[in-house]
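Within every chain, numbering begins at 1; the chains are lettered A, B, ... in the order of the sequence lines, protein sequences first and strands thereafter.
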Amino acid sequence: MGVARSWRTQKSRYRLTGSKCTKCGALYFPINIVCIKCTSLDLEEFQFSGKAKLIEWTRVDEAAKGFEHLVPYYFGIVELEEGVRISTQIVDVVDENILQPGLQLQMTFRKLGEGTEEGIINYGLKAEPVDW
Amino acid sequence: MGKNEKVAVISTGMTEFGDLYEYEITGIANLAIYEALNNLHIKKEEIESLYVGNMGSHLFEGQENLGNLIATYAGLTCPAFKIQAAGASGAVALRNAVKGIQSGSKELVMVLGVEKMTEATKQHEAQLALASGLDTNWETRMGATLASLFAIMARAHMREYGTTREQIANVVVKNHYNASLNPKAQYKNRVRVESVLRSKLLSDPLRLFDACALSDGAASVVLASEEVAYSYDSDPVFIYQIKQGFAPIALHQRESLTEFSGTKFAAEKAYRDMGITAADISLAEVHDIFSIAEIIAIESLGLVEKGKGGFATENGDTALDGSIPINTSGGLKGRGAPLGATGVAQIIELFDQIKGNAGDRQIKDIKYALAHSMGGTGGTSVVSILGR
């Protein structure tokens, strides 16, 4: 990821900041500048709580570039408590059997991948099981 | 010309799919282009437009401006351009070519689907090129691979409908069998369920044999208006419908993990506009980029009941002698998956089937034949219906 791109996506990637439409209340992650539901351009930043539940998952044995050192790692789709879904890694899984749809998760700040060609180490959010 | 005007496929050309090291991308393009032209003695000057479907020439080879490049080396001077829609590039190019003829502004055009993937010598180059069809910021950079997203769909399907790992493997077994009867297929070897289940794990539960391999290949079709078609062929094959359906690019943005909603939309619209139902389809070529994709595709197309795709495959319903043969060519899995070429190659298989030229793979009594191509994990879907 380039320097500018990393900077542009930082707020959403580091802090789970999204957008809320001030007209119709629709929520977006990542930050969006237009409401695709009501076409309003009047959006404000919205802070998601970081509480989430598991929708579905897989264990990745053949990694994407930059994630080789994590293999095998858990990757899934989670639904934030505010109703928006995201793709994320699931960390601190002590027992694979706990990974059932509906499992309560909390987003946590982690290193996302190894340094890019520009020397940036990417950080971001991953999900960890609550109460395990 | 009215908007429902049917467009004919009058000639086809296709390379073998596989490791075509000895040819440049312009070389494999020329093999397909000139086979299609020479079959019917069509002069290259008669082609009014060249639509090139290609997913990743920039990432695989560092080459763009592909329309101009291929036209130059083919000696074509008509307008030429590339259309990119990930794995659906060839099918989207085809759809735009059909629209070009339906508009009445063109009578004879060529669609070329082409991809040269084996130049990517490092595994990661190829994987990055394939993953470029995903949402790179919010899927790939979070750790997603193409396999991981289809693995999530597979798990959801197994959980929701009781689909088994063996049923999913049966897609691979069937498609390899069909490919073994296809002289142009990349993988003519037959495989067993056990070989699929013993292959290297990519993303649980999907394994290496559930995935398509890198491949080079080109496929081209010459399309003509109905009037012009009859001057070449007294009994032409027509594209009756070609519809494109949408779903959000990222899997997590979709309502269902076990349905291709864009595919469903395109298929239902095609059946409705034509006044037919899925029961009128005699065979289909679908986008089996991963084994599980074929199961979800045939359900979304309405060819089997929702949730029954795995069972139908296991029962042999989708085999050559089954009630609804799927991927008689071997599919992306067996015939090969040079991505941009796949959507056009599907049309060639259906053309050969309808013409009765499919050899050992021939399906009898074909009413209508359907092609289904997808980009990414199902964000773009194209559904075509062909017949006499």
Begin with the C-alpha distance, continue with both residues' side-chain angles, and end with the deciding distance and a verdict on side chain to side chain contact (heavy atoms under 4.5 Å, CB included) for B:Ile152 and A:Phe75.
CA-CA 9 Å; B:Ile152 284 173; A:Phe75 177 82; 4.0 Å; yes
Euclidean distance, [Y] [atom2] relative to [X] [atom1], rounded to 0.5 Å:
X: A:Ile86; Y: B:Met142; atom1: CD1; atom2: CE; answer: 8.0 Å
X: A:Trp57; Y: B:Asp204; atom1: CH2; atom2: CG; answer: 6.0 Å
X: B:Leu251; Y: A:Arg85; atom1: CG; atom2: CZ; answer: 9.5 Å

Using non-hydrogen atoms and a 4.5 Å limit, figure out which bit of [X] sits close to chain A: side chain, backbone, both or neither.
X: B:Leu202; answer: both
X: B:Arg207; answer: neither
X: B:Ala156; answer: both
X: B:Ala144; answer: both
X: B:Leu208; answer: neither
X: B:Glu160; answer: neither

Taking atom CZ of A:Arg15 as the centre, does the number of heavy atoms from other residues, nucleotides or ligands within less than 6.0 Å exceed 12?
no
Atom NZ of A:Lys11: over 12 foreign heavy atoms under 6.0 Å:
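No, not enclosed.
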Which is it for B:Arg159 and A:Gln100 under the side chain to side chain contact (heavy atoms under 4.5 Å, CB included) test, yes or no, and what are the steps along the way?
CA-CA 10 Å; B:Arg159 202 186 297 281; A:Gln100 297 295 330; 3.3 Å; yes
Quick one, A:Leu99 and B:Arg155 - any side-chain contact, counting heavy atoms below 4.5 Å?
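Counting from C-beta outward, A:Leu99 and B:Arg155 never come under 4.5 Å.
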Any side-chain heavy-atom pair of A:Glu56 and B:Thr258 under 4.5 Å
no
Mind listing the closest non-hydrogen atom pair of [X] and [Y] along with its distance?
X: A:Glu62; Y: B:Lys200; answer: OE1-NZ, 2.9 Å
X: A:Pro30; Y: B:Trp138; answer: CG-NE1, 3.3 Å
X: A:Val60; Y: B:Ser148; answer: CG2-CB, 3.8 Å

Would you confirm whether B:His252, through its side chain, and A:Ile77, through its main-chain N or O, come within 3.5 Å as a donor-acceptor pair?
no
Please list, chain by chain and in numerical order, all residues satisfying side chain to side chain contact (heavy atoms under 4.5 Å, CB included) with B:Glu194, sequence neighbours excluded.
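Expected list: B:Arg192, B:Arg198.
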Any luck finding a side-chain donor-acceptor pair between A:Arg13 and B:Asn137 under 3.5 Å?
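No, no side-chain donor-acceptor contact under 3.5 Å.
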Using non-hydrogen atoms only, which part of A:Ile55 is less than 4.5 Å away from chain B: side chain, backbone, both, or neither?
side chain
Excluding sequence neighbours, so at least two apart, what forms side chain to side chain donor-acceptor pair (under 3.5 Å) with A:Thr58?
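A:Thr58 satisfies side chain to side chain donor-acceptor pair (under 3.5 Å) with B:Ser203 once adjacent residues are dropped.
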